[in-house]
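Note sheet for the following structure.
First the proteins, then the strands, lettered A, B, ... as listed; each starts at 1. Worth saying up front: this structure is predicted, and the values here are computed from it rather than measured.
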Amino acid sequence: MQFQKDLIDWFAAEKRDLPWRRTADPYQIWISEIMLQQTRVETVIPYYKRFVEKFPTLYDLAEADEEILLKQWEGLGYYSRARNLQAGVKEVAEQYDGVVPASRKEISSLKGVGPYTAGAVLSIAYGIPEHAVDGNVMRVLSRILLIEEDIAKPKTRKIFEQAVTDIISHEDPSSFNQGLMELGALICTPTSPKCLLCPVREHCHAFHEGRQHELPIKTKAKKTKALNYVMASIRDGDAILMEKRPSFGLLANMWQFPMIESPQDAFPHEIEERLSEQLQGVISSAEKIISFKHVFSHLTWNVEGYMAEGRNLQLPSHMKWVTREELDLLPISGPVQKMKQALQQRGEI
DNA sequence: AACCCGGGGCT
DNA sequence: AGCCCAGGGTT
């Protein structure tokens with residue numbers, strides 16, 4: 001078909017030179033696909049380079065300490081991706097002799113590998129004609145094929161998977177799938193598609209009807225909620241108190257300065273009381289040093305940062321005193337980084 | 001099917 | 001402020 005040829009030829013001529021396009025190693029391609037979930041190419045590039053340098057082979061990652069792993073992932077977000085990736089890699093090391101399986105059934109059984117990632121790795125690393133449908137592909141194909149189903153609905157993805165299965169190139173499945181995604185990234189963009197530059201506009205039903213701006217159809221309302229927290233840098237001499245989050249839920253296993261839900265308009269002495277109670281020791285000299293808002297897609301953190309001194313504390317098992325050097329090795333999330341920077345600017349750490 | 005899980009860029 | 005994401009796991 002001419003559509004497949006036009007798409008693949010355009011991809012060959014115009015594709016970006018990305019680090020993960022310079023390897024044929026299924027393990028490294030797998031890493032890139034996990035990092036690229038919900039994350040932009042420009043953001044991923046430096047992370048990917050550092051990551052494959054740190055963990056060049058599947059076994060290097062399988063054997064890595066989780067804290068080292070999360071530190072490499074710090075700032076990329078969706079930290080369960082990193083832990084699921086390692087779980088999947090361990091499974092391949094133990095059950096598949098270190099070879100990433102080449103069937104959809106087997107690769108889909110790996111932790112963190114869903115329908116999209118399975119198809120992406122199978123087609124790109126192994127040249128197998130499997131669909132790899134993400135939001136990008138749904139946008140592109142909704143326009144080319146004039147599909148008006150709501151792409152926010154889970155079952156709609158199956159329609160696009162079937163469409164790709166019907167039209168995917170069997171000569172070059174890798175370039176076909178990557179071409180669709182590259183088209184979505186460079187030409188067939190969400191708000192203002194560059195149809196006059198599009199290599200397949202002659203095949204595009206939406207363009208012919210002048211309806212490219214109406215597609216894809218996507219309904220979604222998202223509610224956001226706000227959380228109010230106090231973070232405290234608690235010092236005993238050179239030691240800094242840090243706590244590890246639980247192994248489930250938000251920012252699992254990440255470290256943070258001791259954090260409590262904040263009363264509205266709290267005074268420093270109230271913070272001292274709350275912390276002293278929680279840590280069963282003496283917290284003193286509390287002083288507010290920063291106040292900021294950290295917005296995520298679904299929630300907003302309102303954070304007040306304090307400095308305080310702590311003595312004779314009964315530390316729960318998820319807390320520990322660290323040196324400045326040890327602090328730099330702990331994986332921390334965005335809001336905690338802001339607090340850390342505020343302390344650095346004050347010369348406190 | 002609905003909800004949870006980060007972060008950065010664009011409008 | 002609201003929208004866009006190169007999704008997968010859990011319930």
Side-chain angles (χ1 to χ4, degrees), chain A residues 11 15-16 18-21 29-48 70 73-85 87-88 107-121 123-124 131-141 150-158 160-161 164 174 177-186 188-193 215-216 218-227 245-254 256 293-301 331-338:
Chain A
F11 179 69
K15 66 179 175 186
R16 292 168 290 178
L18 303 173
W20 47 89
R21 288 180 177 163
I29 291 169
W30 181 7
I31 293 171
S32 73
E33 290 301 337
I34 300 298
M35 287 187 171
L36 287 164
Q37 290 171 6
Q38 307 296 91
T39 312
R40 295 187 140 67
V41 166
E42 295 71 26
T43 305
V44 167
I45 289 174
Y47 282 91
Y48 174 83
L70 285 176
W73 210 271
E74 180 182 292
L76 205 47
Y78 287 113
Y79 299 96
S80 65
R81 288 185 297 175
R83 299 186 299 126
N84 288 340
L85 172 60
I107 201 172
S108 296
S109 74
L110 301 173
K111 204 81 168 172
V113 178
Y116 164 76
T117 305
V121 174
S123 61
I124 297 171
H131 59 76
V133 174
D134 60 5
N136 213 341
V137 169
M138 285 197 283
R139 180 178 64 256
V140 171
L141 288 184
D150 181 0
I151 68 170
K153 295 190 180 305
K155 61 181 296 187
T156 301
R157 197 189 71 238
K158 299 182 188 303
F160 287 91
E161 288 173 348
V164 172
S174 170
N177 279 342
Q178 290 190 76
L180 281 182
M181 292 187 272
E182 195 78 342
L183 199 59
L186 301 180
C188 198
T189 49
T191 52
S192 50
L215 297 166
K218 182 176 184 176
T219 65
K220 200 82 169 196
K222 203 180 326 184
K223 56 178 180 184
T224 83
K225 49 181 180 179
L227 300 175
R245 297 181 61 90
S247 61
F248 54 87
L250 183 65
L251 303 173
N253 285 354
M254 300 290 280
Q256 62 190 18
K293 183 188 298 278
H294 194 90
V295 181
F296 296 1
S297 54
H298 61 292
L299 65 85
T300 300
W301 299 59
I332 58 179
S333 65
V336 182
Q337 288 183 43
K338 274 186 188 164

Side-chain contact, heavy-atom cut-off 4.5 Å: Arg21(A) with Arg16(A)? yes
Does Trp20(A) reach the side chain of Val44(A), with side-chain heavy atoms less than 4.5 Å apart?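 Side chain of Trp20(A) against side chain of Val44(A), heavy atoms only: contact under 4.5 Å found.
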To the nearest angstrom, how far is [X] atom [atom1] from [N] atom [atom2]?
{"X": "Leu215(A)", "N": "dC4(C)", "atom1": "CG", "atom2": "C1'", "answer": "16 Å"}
{"X": "Ile45(A)", "N": "dG7(B)", "atom1": "CD1", "atom2": "P", "answer": "20 Å"}
{"X": "Glu33(A)", "N": "dG8(C)", "atom1": "CD", "atom2": "C1'", "answer": "14 Å"}
{"X": "Tyr116(A)", "N": "dG9(C)", "atom1": "OH", "atom2": "P", "answer": "14 Å"}
{"X": "Arg157(A)", "N": "dA2(B)", "atom1": "CZ", "atom2": "P", "answer": "15 Å"}
{"X": "Gln38(A)", "N": "dG7(C)", "atom1": "CD", "atom2": "C1'", "answer": "5 Å"}
{"X": "Tyr78(A)", "N": "dC5(C)", "atom1": "OH", "atom2": "P", "answer": "13 Å"}
{"X": "Ile107(A)", "N": "dG8(C)", "atom1": "CD1", "atom2": "P", "answer": "11 Å"}

For Lys293(A) and for Asn84(A), find the nucleotide of DNA chain C with the closest heavy atom, then tell me which residue's nucleotide is more 5'.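 In this pair, the answer is Lys293(A).
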With DNA chain C as reference, determine whether Ser108(A) or Leu36(A) sits nearer its 5' end, using the nearest nucleotide of each.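 It is Leu36(A), whose closest nucleotide lies nearer the 5' terminus.
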Is there a donor on the side chain of Arg16(A) or the base of dA6(C) sitting less than 3.5 Å from an acceptor on the other?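 A donor-acceptor contact between them is present.
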Strictly by modelled atom types, are Tyr116(A) and Glu33(A) linked by a side-chain donor-acceptor pair under 3.5 Å? yes
Okay, side chain of [X], backbone of [Y]: is any donor-acceptor separation there less than 3.5 Å?
{"X": "Tyr79(A)", "Y": "Leu250(A)", "value": "no"}
{"X": "Arg245(A)", "Y": "Gln256(A)", "value": "no"}
{"X": "Thr39(A)", "Y": "Gln37(A)", "value": "yes"}

Can you figure out which of dG7(B), dA6(C), dG8(B) approaches the side chain of Thr43(A) most closely? dG8(B)
I want to verify a distance call: between dA6(C), dG6(B), dG7(B), whose nearest atom is closest to the Leu250(A) side chain?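 In terms of side-chain proximity for Leu250(A), the closest of dA6(C), dG6(B), dG7(B) is dG6(B).
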Could you pick out which residue, Gln37(A) or Lys153(A), lies toward the 5' side of DNA chain B when each is mapped onto its nearest nucleotide? Lys153(A)
Hey, which sits more toward the 5' end of DNA chain B by its nearest nucleotide, Thr156(A) or Tyr47(A)? Thr156(A)
Rounding to an integer number of angstrom, what distance separates dC4(C) and dG6(B) when you compare their C1' atoms? 15 Å
I'd like the P distance from dA6(C) over to dT11(B), given in whole Å. 14 Å
Sugar-phosphate, base or nothing in reach of [X], heavy atoms under 4.0 Å:
{"X": "Thr189(A)", "answer": "nothing"}
{"X": "Val113(A)", "answer": "sugar-phosphate"}
{"X": "Gly75(A)", "answer": "sugar-phosphate"}
{"X": "Ile34(A)", "answer": "nothing"}
{"X": "Ala120(A)", "answer": "nothing"}

Is any side-chain N or O of [X] closer than 4.0 Å to OP1 or OP2 of [N]?
{"X": "Lys155(A)", "N": "dA2(B)", "value": "no"}
{"X": "Thr191(A)", "N": "dC4(C)", "value": "no"}
{"X": "Arg139(A)", "N": "dC5(C)", "value": "yes"}
{"X": "Tyr79(A)", "N": "dG7(B)", "value": "yes"}
{"X": "Arg40(A)", "N": "dC4(C)", "value": "no"}
{"X": "His294(A)", "N": "dG7(B)", "value": "yes"}

Which heavy-atom pair separates Arg81(A) from Ile34(A) by the least distance, and what is that distance?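 Scanning both residues, the minimum pair turns out to be NH1-O, 3.0 Å.
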